[in-house]
Novice: 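Here you go, one structure.
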Amino acid sequence: MNREEREDILRAWRESAPYWEKHRDVIRAMFAPVTRAMIEDAGVIAGQDILDVAGGAGEPALTIAEEIGPSGSVTFTDAVQEMVESATREAERRRLTNISFRHCPAESLPFDSDRFDRAVCRFGIMFFPDPVAGAREMLRVIKPGGRMTFAVWRGPQFNPFFRIVADIMSRYVEPVEEDPDAPGAFRFAEPGAVANVLKQAGANVEKDRVSDFFIEPPVMLEEFWSLRVELSDTLREKAAKLSADQLLRVERDVRASAREFFPDGRMRFPAQVAITTASKPVLSGDDT
Ligand SMILES: C[S@@+](CC[C@H](N)C(=O)[O-])C[C@H]1O[C@@H](n2cnc3c(N)ncnc32)[C@H](O)[C@@H]1O
C-alpha cells in the first residue's frame, strides 16, 4: 500500500471523528458486549497497565479505565489526532485520572518494549495498512506472557446492522469491486483470519472465538438511517452522490427493511464478531 492510500484511510477517519464524538454514548452502548468479552478474554483486572490501540472516540479504553481502578492505568492510542482529542475530552469530562493519550499509528508505538500487561484493539486491526506490522508492534510493547485481544466483524451476512443499508444503497450507487484484503470493516471476516496475522507476528494464539450479541442502544427506528450514514465515511460519500429525491427513497427503504430489528420501536440487531487473543512468548534462558 502506497503513502497516498495510507493517507486516504486516515483522512476518512479524520472526517468521521466529529460524528464518532457526537454518537460516542450510542457507540459505547452498541458495542458494550464486545468490550465485556474482550476484557474477559484478555484477563484485564484491577491494577494492570493496559494499552488500547486504535481507540477511536474512546472505547474500550474509557470503560477499562473505570474498571481497573486507580492502581491501574490505561494508555489510549489512535493514528488520528482528532480521535485522540475527542477521547481526551471525554476522559476529562468523566474526571478519569488513570488514563493517558498518545497520537500514533499501531505500526509505530512510542513505548518501551515489555511495558504493558495487556493490549486491546476493538475494530481497529482491519484498517491497519500493514496488520502484521501493527500486531508485531503491539507484541513488542506487552510483557512476556502478556496478552493482546482483538475484535473484528464477521461477514455482513451475520451483521444486518451493516448489510441492510449497504444493500439498499447498492441499488442507487453502483458498487465498486472491492479488494477483500484492502482495509475495511470485513477484511478479517473469515474464521481464523486474525489468528493468522497474530501467528505471523510471532504471537501464541490462545483463544479464537465467534461471539454473538445484540446491538441494542437506545436508538429508535427514525434515527437509524442518520446514525448509519454519519458513522460511515463510505455511506457519507455515497449519500452525497444522490439527489434529494433519491435520498428520501433510500431512507424510506432502509426504514422498511430495518423495521423488523426495532421491536417496540427500539434497535435490537443480532450481530457477530470474532474475538482473538494471543500471548507474547516467554523466552527461556537458552533462547536469549
Ligand atoms: C472502527 S474505529 C474503532 C474505534 C474504537 N476502537 C471502537 O471500537 O469504537 C477504527 C479506528 O482505527 C483508527 N486507525 C485506523 N488506522 C490506524 C492505524 N494504522 N493505527 C492506529 N489507529 C488506526 C481510526 O482512526 C479509528 O479511530
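We count ligands from 1, going down the list as the structure has it; atoms in each ligand are counted the same way.
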Novice: Which is closest to atom 6 (N) of ligand 1 in terms of heavy atoms, Ala54, Gly56, Ala12?
Specialist: Ala54
Novice: State if Gly134 counts as touching ligand 1 under the rule of any non-hydrogen atom under 4.0 Å.
Specialist: no
Novice: Apply the side-chain hydrogen bond (donor to acceptor under 3.5 Å, both in side chains) test between Thr276 and each candidate in Asn196, Asp41, Thr149, Asp208; give the one that qualifies.
Specialist: Asp208
Novice: Which protein non-hydrogen atom lies closest to atom 10 (C) of ligand 1, naming both residue and atom, and how far is it?
Specialist: Phe123 O, 3.4 Å
Novice: Could you see if Tyr19 belongs to whatever hydrophobic cluster contains Leu10? Use Ile, Leu, Val, Met, Phe, Trp, Tyr and a side-chain cutoff under 4.5 Å.
Specialist: no
Novice: Backbone, side chain, both or neither: what part of Ala57 comes under 4.0 angstrom of ligand 1, heavy atoms only?
Specialist: neither
Novice: Which bit of Phe31 is near ligand 1, meaning a heavy atom under 4.0 Å away: side chain, backbone, both or neither?
Specialist: neither
Novice: What pairs with Glu216 under side chain to side chain donor-acceptor pair (under 3.5 Å), at least two apart in sequence or on another chain?
Specialist: Arg268
Novice: Salt bridge check: are Arg94 and Glu66 linked by an N-O gap of less than 4.0 Å?
Specialist: yes
Novice: Is Glu251 salt-bridged to Arg255, cutoff N-O under 4.0 Å?
Specialist: yes
Novice: Are any side-chain N or O atoms of Ser279 and backbone N or O atoms of Met148, one a donor and one an acceptor, separated by less than 3.5 Å?
Specialist: no
Novice: Would you mind telling me which of Asp117, Asp114, Asp112, Asp49 makes a salt bridge (charged side-chain N to carboxylate O under 4.0 Å, His left out) with Lys143?
Specialist: Asp117
Novice: Write out the residue and atom name of the closest protein heavy atom to atom 19 (N) of ligand 1, then the distance separating them to 0.1 Å.
Specialist: Glu107 OE1, 3.2 Å
Novice: Should the proximity of Trp13 to ligand 1, defined as any heavy atom under 4.0 Å, be assigned to the side chain, the backbone, both, or neither?
Specialist: side chain
Novice: Going by distance only, is there an N or O of Trp20 that falls short of 3.5 Å from an N or O of ligand 1?
Specialist: no
Novice: Relative to ligand 1, is Met83 under 4.0 angstrom through side chain, backbone, both or neither, heavy atoms considered?
Specialist: side chain
Novice: Assess Arg14 for proximity to ligand 1: is some non-hydrogen atom of it under 4.0 Å away?
Specialist: no
Novice: Does Met83 belong to the same Ile/Leu/Val/Met/Phe/Trp/Tyr cluster as Leu96, with side-chain heavy atoms less than 4.5 Å apart forming each link?
Specialist: yes
Novice: Could you check atom 9 (O) of ligand 1 against the protein and tell me its nearest heavy-atom contact, residue, atom and distance included?
Specialist: Arg122 NH2, 2.9 Å
Novice: Which heavy atom of the protein is the closest neighbour of atom 13 (C) of ligand 1, given with residue, atom name and distance?
Specialist: Asp78 OD2, 3.4 Å
Novice: Ala106 to ligand 1: N or O pair under 3.5 Å?
Specialist: yes
Novice: Cation-pi between Arg228 and Phe161: NZ/CZ under 6.0 Å from ring centre and within 45° of the ring axis?
Specialist: yes
Novice: Salt bridge (Lys or Arg N to Asp or Glu O under 4.0 Å) with Arg36: which residues, sequence neighbours excluded?
Specialist: Glu67
Novice: Should you measure from each heavy atom of Val80, which atoms of ligand 1 turn up under 4.0 Å away?
Specialist: 25 (O)
Novice: Kindly work out whether a path of hydrophobic side-chain contacts (I/L/V/M/F/W/Y, heavy atoms less than 4.5 Å apart) joins Leu247 to Ile164.
Specialist: yes
Novice: With heavy atoms of Pro129 as the reference, note each atom of ligand 1 found under 4.0 Å away.
Specialist: 19 (N)
Novice: Which protein non-hydrogen atom lies closest to atom 5 (C) of ligand 1, naming both residue and atom, and how far is it?
Specialist: Glu59 O, 3.2 Å
Novice: Counting each atom of ligand 1 from 1 as listed, which ones have a heavy atom of Gly55 under 4.0 Å away?
Specialist: 4 (C), 5 (C), 6 (N)
Novice: Which residue and atom name correspond to the protein heavy atom nearest atom 23 (C) of ligand 1, and how close is it?
Specialist: Ala79 CB, 3.8 Å
